[in-house]
Amino acid sequence: MFNIISYLLFLVISSYITLDVGRRCFNSGKVYLEYLIKDKDLCLTVNRILLGSYYLVNLGYIALNLSFWKKISNWEALLTTVSVRIGMIVLILCVLHFINMLTLYVLRKKLIIK
């Protein structure tokens, strides 16, 4: 019973975080991409591809994450497991965002030099 509760709790919280962060990055990233890439149509396409890739990676990780859980037998284990797993999701989101921003920055620097 504790496993089912933890699965549901984890799925709801991590899916909400993933969808909310993706929406915010998509909306806020338009300005940054338009600064880096002068073609607005290309910016929108790149932004949509980044959003789709972001969702696929994170929702796939969330789904795979459920298969590695051990049996949870009490409330303390439930809260600990869910907290650690959600923390990992948040850290992964931060790393992916940083890598995207760094990649776009490096690409922009190379385009300016040429």
Side-chain angles (χ1 to χ4, degrees):
M1 176 176 144
F2 287 109
N3 277 52
I4 293 172
I5 294 170
S6 66
Y7 292 162
L8 292 174
L9 190 61
F10 174 74
L11 285 172
V12 168
I13 293 171
S14 59
S15 296
Y16 172 77
I17 290 171
T18 298
L19 295 173
D20 187 54
V21 169
R23 181 184 49 82
R24 288 174 193 256
C25 288
F26 179 78
N27 292 331
S28 300
K30 290 176 191 173
V31 175
Y32 185 70
L33 282 174
E34 287 174 0
Y35 170 74
L36 293 176
I37 306 168
K38 302 303 179 197
D39 183 5
K40 288 193 182 232
D41 291 333
L42 180 61
C43 288
L44 183 60
T45 302
V46 168
N47 207 14
R48 286 180 180 159
I49 290 170
L50 286 172
L51 181 66
S53 301
Y54 166 83
Y55 284 152
L56 289 173
V57 166
N58 285 294
L59 295 175
Y61 177 77
I62 289 168
L64 284 174
N65 199 333
L66 294 175
S67 66
F68 295 107
W69 287 19
K70 295 183 170 75
K71 182 152 176 61
I72 298 172
S73 58
N74 57 40
W75 288 104
E76 182 182 356
L78 184 144
L79 291 175
T80 303
T81 302
V82 171
S83 298
V84 167
R85 301 295 175 142
I86 289 174
M88 289 299 295
I89 294 289
V90 171
L91 287 174
I92 288 170
L93 295 179
C94 291
V95 168
L96 286 175
H97 180 67
F98 178 75
I99 289 171
N100 282 339
M101 301 308 287
L102 184 64
T103 302
L104 291 171
Y105 175 77
V106 168
L107 288 174
R108 176 65 177 166
K109 284 289 190 182
K110 286 185 179 182
L111 292 174
I112 288 175
I113 294 172
K114 288 184 178 181

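Remember, predicted model here, so these are calculated numbers, not experimental data.
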request  = Report yes if some heavy atom in the side chain of L50 is under 4.5 Å from a heavy atom in the side chain of F26; otherwise report no.
outcome  = no

query = Any donor and acceptor pair, going by atom type alone, linking the side chain of T80 with main-chain N or O of A77 inside 3.5 Å?
reply = no

inquiry  = Looking at I49, is its backbone amide N or carbonyl O close enough to the side chain of Y54 to form a donor-acceptor pair, meaning the two atoms are under 3.5 Å apart?
reply    = no

key: Other residues, nucleotides, ligands: >12 heavy atoms within 6.0 Å of M101 CE   = yes

query = Are L44 and L33 joined in one hydrophobic group, where the rule is that I, L, V, M, F, W and Y side chains link up if heavy atoms are under 4.5 Å apart?
reply = no

inquiry  = Can you confirm whether more than 12 heavy atoms, excluding those of L91, are under 6.0 Å from its CG atom?
reply    = yes

message = For a 4.5 angstrom cut-off between non-hydrogen side-chain atoms, does I4 reach M1?
response = no

NZ-OG1 distance between K71 and T81, expressed to the nearest 0.5 angstrom = 12.0 Å

key: Over 12 foreign heavy atoms within 6.0 Å of OH, Y55   = yes

ask   = Less than 4.5 Å apart, any side-chain heavy atom of L96 and any of N58?
value = yes

inquiry  = Any heavy-atom pair between the side chains of L78 and L9 that's under 4.5 Å?
reply    = yes

query = Linking I/L/V/M/F/W/Y whenever their side-chain heavy atoms sit closer than 4.5 Å, directly or via other members, would F2 and F10 fall into one cluster?
reply = yes

request  = Please tell me if the side chains of L11 and L66 come closer than 4.5 Å, counting only heavy atoms from C-beta onward.
outcome  = yes

query = Do the side chains of W75 and I13 join up, straight or via other hydrophobic residues, at under 4.5 Å, putting them in one cluster?
reply = yes

inquiry  = Looking at every non-hydrogen atom in both residues, tell me the closest pair between S14 and I89 and how far apart they are.
reply    = CB-CG1, 4.3 Å

task = Please say whether more than 12 non-hydrogen atoms of neighbouring residues, nucleotides or ligands are located less than 6.0 Å from CZ in R48.
result = no

Heavy-atom pair of closest approach, residues C25 and H97 = SG-ND1, 3.8 Å

task = For I62 and S15, work out which heavy atoms get closest and say how close.
result = CD1-N, 4.2 Å

key: Whether W69 and Y7 hold their rings parallel, tilted or perpendicular, with breakpoints at 30° and 60°   = tilted

Closest heavy-atom pair and its distance - I72, N3 = N-OD1, 2.6 Å

request  = Please say whether more than 12 non-hydrogen atoms of neighbouring residues, nucleotides or ligands are located less than 6.0 Å from NZ in K30.
outcome  = yes

request  = Look at the side-chain heavy atoms of Ile, Leu, Val, Met, Phe, Trp and Tyr, link any pair under 4.5 Å apart, and say whether V57 and V46 land in one connected group.
outcome  = no

ask   = Side-chain heavy atoms under 4.5 angstrom apart, residues restricted to Ile, Leu, Val, Met, Phe, Trp, Tyr: same cluster for I86 and L8?
value = no

